[in-house]
Amino acid sequence: MELLEGIRTRRSVRSFTDEKVSHETLEKIVDSARMAPSWKNSQTARYVVVEDRDILNKIAAEATLGFEHNKEIIEGAPALVVLTSIAMRSGYERDGSFTTSKGQGWEMFDAGIAAQTFCLAAHEAGVGSVILGIFDDTKVAELIGLPENQNVSALIPIGYSDKELPEVPRKAVADLLKFI
């Protein structure tokens, strides 16, 4: 698949078949996702793949902040990628100070780049994904035994889509672009 075709055809997949994504496929996806740019090449993104159905169900039941739609998506996914970031590294200098006015916000910027790169690599491999943002990061961290030096950045349910997804309407370039 060509890059622009992948960007144009990737869709957020919210319902999946029961087929599991092989570890080999996940390793190939992360091998591509690791190429995502990051603050001063800090490479803080980490990927925790939750396949254990008990843990998946606990995350769905206890860590979706009552948002039923995310609960259902997680319950229906064969696996959940918990995208985490090494804390206090992206946007920080080694002495703990910020170089950017974005402060600690740069960590989420890098996580967003990593998440999208992961999802595009998954799409290339025929694997569907959706990036979820409504969750209790403290509870997720507890349920997966996340080290204290990492933060939960996003939840990405993955699997093989159970249906063909239509093209999504997009704003015109003229509405998005301004030259001055």
Side-chain angles (χ1 to χ4, degrees), residues 10-36 38-39 42-92 96 103-123 125-162:
R10 191 230 165 241
R11 302 285 180 267
S12 291
V13 175
R14 294 176 174 87
S15 62
F16 307 92
T17 68
D18 292 334
E19 183 181 355
K20 294 196 180 299
V21 179
S22 74
H23 288 191
E24 178 184 12
T25 298
L26 286 164
E27 288 170 2
K28 287 178 181 177
I29 292 168
V30 172
D31 186 44
S32 294
R34 72 188 176 92
M35 304 309 287
S38 60
W39 173 268
S42 56
Q43 302 178 50
T44 61
R46 301 293 185 269
Y47 306 86
V48 179
V49 180
V50 180
E51 298 173 306
D52 182 292
R53 185 53 47 192
D54 289 337
I55 297 172
L56 272 170
N57 289 338
K58 282 182 181 178
I59 291 171
E62 300 174 23
T64 53
L65 300 173
F67 189 59
E68 194 64 30
H69 192 53
N70 281 2
K71 178 181 182 287
E72 292 168 3
I73 294 168
I74 294 168
E75 288 174 339
L80 176 69
V81 176
V82 180
L83 175 63
T84 72
S85 300
I86 302 298
M88 298 189 66
R89 180 66 188 99
S90 184
Y92 292 82
Q104 68 187 37
W106 205 266
E107 181 179 318
M108 286 304 290
F109 188 86
D110 276 359
I113 296 169
Q116 181 64 0
T117 305
F118 178 92
C119 290
L120 286 168
H123 178 54
V127 175
S129 62
V130 61
I131 302 167
L132 304 180
I134 301 174
F135 56 86
D136 179 338
D137 51 330
T138 302
K139 187 65 176 177
V140 172
E142 174 191 317
L143 290 169
I144 67 169
L146 192 66
E148 286 187 27
N149 71 330
Q150 293 183 35
N151 295 318
V152 177
S153 300
L155 302 182
I156 308 173
I158 59 167
Y160 297 98
S161 182
D162 65 357

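For the numbers below, each heavy atom of this structure counts, side chains included, while hydrogens, waters and symmetry mates do not.
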Separation of [Y] [atom2] from [X] [atom1] (nearest 0.5 Å):
{"X": "N151", "Y": "L146", "atom1": "CG", "atom2": "CG", "value": "7.5 Å"}
{"X": "S90", "Y": "I113", "atom1": "OG", "atom2": "CD1", "value": "8.5 Å"}
{"X": "I74", "Y": "R14", "atom1": "CD1", "atom2": "CZ", "value": "12.5 Å"}
{"X": "T64", "Y": "E72", "atom1": "OG1", "atom2": "CD", "value": "9.5 Å"}
{"X": "I55", "Y": "E62", "atom1": "CD1", "atom2": "CD", "value": "11.5 Å"}
{"X": "W39", "Y": "R89", "atom1": "CH2", "atom2": "CZ", "value": "9.5 Å"}

- prompt: Quick one: do the D110 and S38 side chains pair a donor with an acceptor below 3.5 Å?
  reply: no
message: Checking L83 against F118 for the side chain to side chain contact (heavy atoms under 4.5 Å, CB included) test, could you report, in this order, the C-alpha distance in whole Å, the side-chain angles of both residues, the deciding distance, and whether it holds?
response: CA-CA 10 Å; L83 175 63; F118 178 92; over 6 Å; no
message: With a 6.0 Å cut-off (strictly less than), is the heavy-atom count around CG of D18, excluding the residue itself, greater than 12?
response: no
- prompt: More than 12 foreign heavy atoms under 6.0 Å from CD of E148: is that the case here?
  reply: no
Would you call [X] and [Y] a side-chain contact if the rule is heavy atoms closer than 4.5 Å?
{"X": "N149", "Y": "M88", "result": "no"}
{"X": "E51", "Y": "P78", "result": "no"}
{"X": "V127", "Y": "Y160", "result": "yes"}
{"X": "V50", "Y": "V82", "result": "yes"}
{"X": "I59", "Y": "L155", "result": "yes"}
{"X": "I73", "Y": "N70", "result": "yes"}
{"X": "R10", "Y": "S129", "result": "yes"}

Ignoring hydrogens, what is the shortest heavy-atom contact between [X] and [Y]? Give both atom names and the distance.
{"X": "D31", "Y": "M35", "answer": "O-CG, 3.9 Å"}
{"X": "A115", "Y": "I131", "answer": "CB-CD1, 3.8 Å"}
{"X": "S153", "Y": "M108", "answer": "O-CE, 3.5 Å"}
{"X": "F16", "Y": "P157", "answer": "CZ-O, 3.8 Å"}
{"X": "A60", "Y": "E75", "answer": "CB-CG, 3.6 Å"}
{"X": "A63", "Y": "V140", "answer": "CB-CG2, 3.7 Å"}

Sequence-distant partners of K28, salt bridge (Lys or Arg N to Asp or Glu O under 4.0 Å), two or more places apart: E24
Residue pair V130, L132: steps toward the side chain to side chain contact (heavy atoms under 4.5 Å, CB included) verdict: CA-CA 6 Å; V130 61; L132 304 180; 4.0 Å; yes
query: Could you go step by step and tell me if S42 and I86 meet the side chain to side chain contact (heavy atoms under 4.5 Å, CB included) rule?
result: CA-CA 9 Å; S42 56; I86 302 298; over 6 Å; no
field: From CA spacing to verdict: side chain to side chain contact (heavy atoms under 4.5 Å, CB included), L26, Y47
entry: CA-CA 10 Å; L26 286 164; Y47 306 86; over 6 Å; no
query: Residues two or more places apart in sequence or in another chain: which of them pass ring pair (Phe, Tyr, Trp, His ring centres under 6.0 Å) with F109?
result: W106
- request: Please check if the side chain of D136 supplies one atom and the backbone of T138 the other of a donor-acceptor pair under 3.5 Å.
  value: yes
